[in-house]
Each structure stands twice: as structure tokens, then as C-alpha cells.
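None of these values were measured; they are calculated from a predicted model. Just so it is clear: chains get the letters A, B, ... in the order the sequence lines come, proteins before strands, and each one is counted from 1.
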Amino acid sequence: MADYRQWLNSLPEPNGVLKNLQTQGRASLANLGMPTNTLEEWRLTDLNCLQKILNLPLYKPNRDYLDEEKQKEWAQRPKNGFRLVIDSQTNPLEDINLPNGIRPLTSAEVEKLLVQRSNQYSSSRNWQVAINNATATNFLALKIEGQNLPPLELIMQSDSGAFIPTRIALIVEDKTKLNLLQVALGAANSAQSHLVEIYLGKGAELNHGLIAFGIEEANMIANLFVEQKTSSHYSFTSVQHGWSLSRLESLIVQTNGHANTTLKGLQVSSKKQQIATHSRVKFEGPQGCLEQLQKSAATDNSHCIFNGSIQVPQLAQKTNAAQLSRNLLMSNRARIDTKPELEIIADDVRCTHGATISQLQEEEVFYMRSRGITTEQATSLLLKGYCKEILDNLPVESHRWEILDKLLKSVKR
Amino acid sequence: MIKKDAHLILEITDLHASVEDQPILQGVNLQIRAGEIHAVMGRNGSGKSTLSKIIAGHPAYTVTSGEVKFQGKDILNMEPEDRARAGVFLGFQYPVEIPGVSNLEFLRVATNSRRVEMDEEELDTFAFEDLVNEKLKLVQMDPIFLERSVNEGFSGGEKKRNEILQMALLQPIVSILDETDSGLDIDALRVIAAGVNQLNTPYSATLLITHYQRLLNEVIPDFVHVMSSGKILRTGGKELALELEEYGYDCVEKPSNNKEVN
């Protein structure tokens with residue numbers, strides 16, 4: 001605890017456009033203390049990894065963030081698409097001509113956004129939000145409008161030996177259509193905290209993908225907050241792999257119902273990794289739809305966690321929600337925890353959920369081996385088949401990212 | 001085709017095996033030479049399928065004693081994939097469905113692993129498609145099945161065609177076809193049998209495992225073996241299958257009840 005206080009006191013003076021949030025976040029952190037396994041939402045989390053995040057220095061002002069080695073892993077830019085690179089310090093819009101239909105929020109709009117919206121997911125009860133608020137100095141806030149927009153790719157920078165917090169807000173106007181791919185690659189011995197908030201106007205359609213790939217001693221905590229107005233479609237496909245700890249929290253709110261949400265998640269863990277997804281979908285109006293499929297595959301001594309909460313209050317009549325958690329245990333020492341959590345008050349709804357945990361089928365593996373395919377190749381083919389269902393949903397020509405192939409090669413039985 | 005001086009491809013000597021401590025094979029002896037077609041017949045539970053799986057290296061079965069030599073080399077310590085690469089092929093009675101794994105990719109990976117063993121060049125996607133399209137004709141299989149997951153949603157006949165397609169691609173030295181005729185209508189049986197006949201060469205051998213005579217009308221065996229209680233009780237020519245068809249397995253297992261049969 002002394003270290004924690006010391007860390008809090010070591011943070012630079014609040015400054016910049018997020019100054020007030022930094023102050024609030026630090027107060028929340030002081031109040032909440034370090035998470036402990038006695039708290040339900042942190043019960044299964046590897047807290048040592050959280051501690052490691054705090055041991056890394058924030059910001060490295062004289063450092064060139066565009067690490068050339070790391071960039072070698074980057075895919076070619078999307079065809080006719082637009083790419084922004086985000087870190088905790090430099091202005092991602094500097095020397096950039098944004099395409100028609102995308103513009104930064106004005107200072108007044110930013111001010112309004114921070115005051116009006118941030119109480120939706122307050123830092124006072126959420127440690128991950130608090131740590132992002134306490135540390136993020138850079139804010140990428142965009143207003144997006146149009147139906148023929150180029151696909152947008154956001155690369156979240158990582159730097160070895162440093163902790164990088166980022167914060168992004170996207171206001172997607174009524175009837176706008178956008179494909180968005182976020183890519184977070186973790187450098188060795190690094191940490192990242194990302195907070196993305198998205199506001200979808202009436203009839204807007206957003207197809208959002210996240211590729212989050214770390215390596216040894218890289219930790220990521222990320223929060224996604226999405227607010228959907230009526231007739232909007234939000235689709236989120238996430239792929240997490242390779243982090244010592246990756247913890248993705250998402251909160252999707254259909255503010256007046258009558259909207260569609262599709263969530264597809266894949267987490268693949270090996271060695272001693274822990275990959276977690278905590279999702280919450282709130283229906284605050286009637287006739288909302290949700291389709292959710294979360295897949296995990298765990299091998300070696302690794303651990304995958306999925307908590308999926310769906311809240312259907314009295315006013316959310318005729319909600320149609322389906323959640324499925326499918327899990328593949330690939331070693332005797334691996335562990336998977338999955339917890340669907342449905343809170344249904346409304347009485348005229350259709351909500352289904354299911355969870356399966358299985359192992360690779362011996363007969364499938366033998367069949368392939370009897371054709372000259374090694375156990376390793378068979379595992380890779382089976383895993384590829386298992387993951388394809390999710391990977392195929394990633395938007396913005398995601399196949400450009402060759403690291404996705406690594407996912408399949410790195411996992412051995 | 002029987003040629004007495006043809007080299008031995010498969011030699012099984014006093015093979016005993018069990019599954020979950022339950023003895024299944026109790027001293028199987030069998031020799032198969034190049035160019036020969038053998039049929040093993042027997043009742044359910046006689047050990048026919050177990051024999052085929054042990055030759056292919058299924059991990060659920062334990063060999064307690066005896067030898068299986070393939071081209072003069074003991075294969076019992078080899079991994080299943082190494083046996084397959086060396087040229088041992090098992091056509092499954094119930095081909096396994098593998099959701100999510102593309103049949104085309106599965107066939108390509110399998111074919112390339114055998115080609116490497118045969119010192120042939122590995123095929124890229126395009127070259128492989130040419131090869132597989134040519135082989136499809138042999139089993140009269142619709143190319144649409146290449147796009148699907150391995151055996152998923154295939155009818156019984158389509159699964160068996162897919163097995164023979166794999167046999168055609170892998171060019172095995174010994175093919176063990178376990179109940180390949182089960183679940184086939186007469187037309188499909190003829191297509192499968194024609195495929196098996198075409199793939200039989202003077203340098204390879206085939207072991208058919210079957211309950212019924214009808215496959216043996218289409219693929220004429222040089223030898224017929226009758227298995228019972230984990231042993232080969234009797235060996236004869238193709239006429240033995242006809243005897244079995246007429247008098248049933250009792251004529252071999254309890255010959256005293258069928259005095260007229262010699």
C-alpha cells in the first residue's frame with residue numbers, strides 16, 4: 001500500500017485538457033486502493049501483473065515512440081483507408097489531413113463531452129477507469145459523419161519499459177457508417193491502459209475490431225464504453241493474445257432500446273498468460289437485440305476468464321439477447337473461468353445463454369495424424385478452425401495483419 | 001494379384017492387443033505381399049477394426065506382444081503420422097467430422113506430408129487444386145465438398161468417397177479399408193470399388209475389412225481371412241467369402257455343425 005501511495009504521489013501535476021479527470025482519477029485511486037482478490041470483479045485477476053504496471057515509468061518524454069523494430073510488425077495501410085497512431089504524448093493529428101467527414105472536436109465540444117458523459121462510467125467505482133483517468137494526458141476526440149467514409153485504423157503505440165495510457169472518444173453521428181480497426185501491440189516489459197468511448201447516433205452503423213497482441217511481460221488493461229441510440233448497429237470483434245495480463249472491460253448501453261449489438265470475442269492464452277474479458281450490456285429501452293459469442297482457448301499454464309453480464313430492466317420489454325461462451329481447454333494445467341450473468345426484470349423478453357468447455361477431440365486429432373499430419377499441425381489446424389469464426393468478423397482487411405497467423409502458430413498442445 | 005516372389009509389405013506376427021485392459025487381439029498372424037488384395041471378414045466384435053487401428057497406431061490400443069512389420073521395419077514404436085508418411089493408410093469406418101477445418105487445406109497438408117516422405121516437391125495451393133480436381137474424378141465427387149469442413153455434413157457415401165480421395169492423394173503402399181462398404185448404396189459401392197481397383201498397383205497392397213460379400217464382388221480379393229475372438233481362424237481364396245455368405249460364420253467358428261463344408 002505504501003508503494004501504491006508513493007506511486008500516486010509520483011504522478012506529474014495534473015495538466016492539459018484532461019486535467020480535471022486526472023485529479024478525479026487520482027482521488028478515486030486513493031480511495032479505492034489496489035484491487036484485491038476479495039472483490040468479486042478482481043477475484044480471478046493476477047494482481048502481480050497489475051503491480052508490474054505501476055512499477056513502470058509513465059511517459060518517456062525524450063523517447064522516439066515510433067520504435068522501428070515494433071513497426072516491422074505493422075501491416076500495410078488499409079487500402080483506401082486511413083491510419084492514426086496513438087500514444088500518450090504526441091498529438092496523433094499533427095501534420096495529418098483528416099478525410100472528409102472526420103474532424104477533431106472543438107475545445108468547447110471536448111469540455112462538454114467530458115462534463116456530460118464521463119459520469120456514465122465514473123472512476124469512483126472502477127479501478128481500471130480510475131487509472132486511465134489518473135494518467136492519460138492525451139485525448140483523441142473525433143466527430144465522424146458520413147456514409148462513404150474510408151475505413152479507419154488506430155494503432156495504439158507501445159514502448160518497452162514504459163506505461164502508456166491512451167484515451168479516445170468517437171462521436172459517430174446519425175446514419176453514419178464506419179469500419180474501425182484498433183490494433184494494440186505490446187512491446188516487451190510494457191504496459192498500456194486504453195479507454196475508448198463511442199457514441200453512436202440514430203441509425204449509425206459501426207463495425208469495430210480490436211487486435212490486441214502482447215508478448216512476455218506486456219500487460220494491457222482496456223475499457224470500452226459504447227452508447228447506442230435507436231436503430232443503431234454496433235458490432236465489436238476483439239482478439240486478445242500473448243499478454244502476461246490482458247483485461248478488457250466493455251460496457252455497451254442501448255439508451256432507448258431498438259438497437260442492435262453484436263459482440264464477438266476471442267482470447268487465446270498460452271504459457272502463464274491471463275486473458276480476460278468482462279463485458280456488460282445494458283438495455284435501457286425496449287426491443288433491443290444482442291448477439292454475443294465469446295471464445296477462449298487456453299494451453300500450458302494459462303488462464304482465460306469471461307464474465308458476461310446482460311441487464312434487462314423492466315422498461316426493456318421485448319429484448320432479444322443471446323449469449324454463448326465456448327471454450328477450449330488445450331492442456332491439463334490450463335484454466336478457464338466463464339460466468340454468464342443475466343439480470344432480467346422485464347417479463348416479455350427472449351434471453352438465452354450457454355457455456356461449453358471442451359478439450360480437443362482425440363478422435364479428430366488421431367484422424368489427422370493417420371493422414372501424416374503431426375499433432376502440432378493438427379492442433380494448429382483445429383485451432384485455426386476454432387478461431388476462424390471470430391477472426392472472419394474483424395473489419396478493415398484485417399488479414400493484412402500477419403500477427404494473426406502467429407496466434408495459431410504459437411499455441412501448442 | 002498373387003506373385004510368390006513379391007516382397008512382403010506387411011507382416012503381422014502373433015499380435016496380442018488390448019483396450020482398457022480388455023484383451024481383443026489374441027495372436028494374429030498375417031502376411032501381405034506387394035500386389036495382393038486381402039479381405040478380413042468376421043462378426044462384430046471379432047477384432048477386425050481393432051487390427052486396422054493398431055496397424056495405423058491408434059493410441060487407445062495397447063499392443064501386449066507380437067510384431068507388426070511394414071516393409072521389413074517394426075512400426076509399433078512409430079507415431080501414427082510417421083506410419084502414414086511411410087505409406088500406411090487407414091480408411092475409417094466412421095470418418096471423423098472436423099468442424100472449422102477446411103477439407104481442402106486438410107487434404108493439402110496431408111498430401112504434402114506424404115510427398116516430403118516420397119522425396120516429391122510440396123504443392124502450393126494452386127498446384128494442389130489441380131491435383132485434387134483430377135483425383136476427384138476417380139471417386140466422382142463434387143468439388144463443393146472441398147470447400148466444406150472435413151466430413152462435416154457429408155452423407156455416408158460422401159464420407160467414404162472422401163476417404164478414397166485421400167487414399168488417391170496419399171498414394172499409400174498399404175491401404176487398410178475398414179468397412180468401407182458400410183452405409184453405401186449399390187451405385188456408391190461401385191464407384192468406391194472402382195476407385196480402389198484403380199489405385200491398386202503391383203507395388204502396393206490392400207487390406208479390406210468387411211462383413212459382407214458384396215464389396216468382394218467388386219474388388220476381388222486374392223486371400224480371404226476369417227477372424228474370430230481376436231484370431232485369424234481360417235484363410236482361403238475368394239471362394240471362402242462365398243461360403244461365408246451361404247453358411248454364415250458358424251461354418252468357420254463351429255465347423256462340426258456344418259459337416260458338408262470342408
With no hydrogens and no angle check, just 3.5 Å: does a side-chain donor-acceptor pair link [X] and [Y]?
X         : Y         : answer
Glu397(A) : His399(A) : no
Gln267(A) : His241(A) : no
His16(B)  : Ser65(B)  : yes

Exercise for the section: Examine whether an atom of Tyr386(A) lies under 4.5 Å from a heavy atom of chain B, and if so say whether it belongs to the side chain, the backbone or both; otherwise answer neither. Expected result: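 Neither part.
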Practice task
Check whether Glu364(A) gets within reach of chain B through its side chain, its backbone, both or neither, counting any heavy atom under 4.5 Å.
Solution key: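 Both backbone and side chain.
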Handout entry: Residue among Glu389(A), Arg371(A), Lys388(A), Gln377(A) with most heavy-atom pairs under 4.5 Å to chain B
Key =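 So the answer, after comparing Glu389(A), Arg371(A), Lys388(A), Gln377(A), is Arg371(A).
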Exercise for the section: Flag yes if more than 12 heavy atoms outside Tyr94(B) fall under 6.0 Å of its OH atom; otherwise flag no. Expected result: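 No, not enclosed.
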Practice task
Step through the shown structure and confirm whether more than 12 heavy atoms of other residues, nucleotides or ligands are within 6.0 Å of CG on Asp21(B).
Solution key: no
Region of [X] in contact with chain A, defined by heavy-atom distances below 4.5 Å:
X         : answer
Val116(B) : neither
Glu97(B)  : backbone
Asp82(B)  : neither

Enumerate, atom names and distances included, each donor-acceptor pair closer than 3.5 Å involving a side-chain atom of residues 167-180 of chain B, sequence neighbours excluded.
{"from": "Asp178(B)", "atom 1": "OD1", "to": "Ser49(B)", "atom 2": "OG", "distance (Å)": "3.1"}
{"from": "Asp178(B)", "atom 1": "OD2", "to": "Ser49(B)", "atom 2": "OG", "distance (Å)": "2.9"}
{"from": "Glu179(B)", "atom 1": "OE1", "to": "His211(B)", "atom 2": "ND1", "distance (Å)": "3.0"}
{"from": "Glu179(B)", "atom 1": "OE2", "to": "His211(B)", "atom 2": "ND1", "distance (Å)": "2.9"}

Practice task
Select, from Arg83(B), Lys53(B), Gln166(B), the one with the greatest count of heavy-atom pairs under 4.5 Å involving chain A.
Solution key: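 Max contact count across the listed options: Gln166(B).
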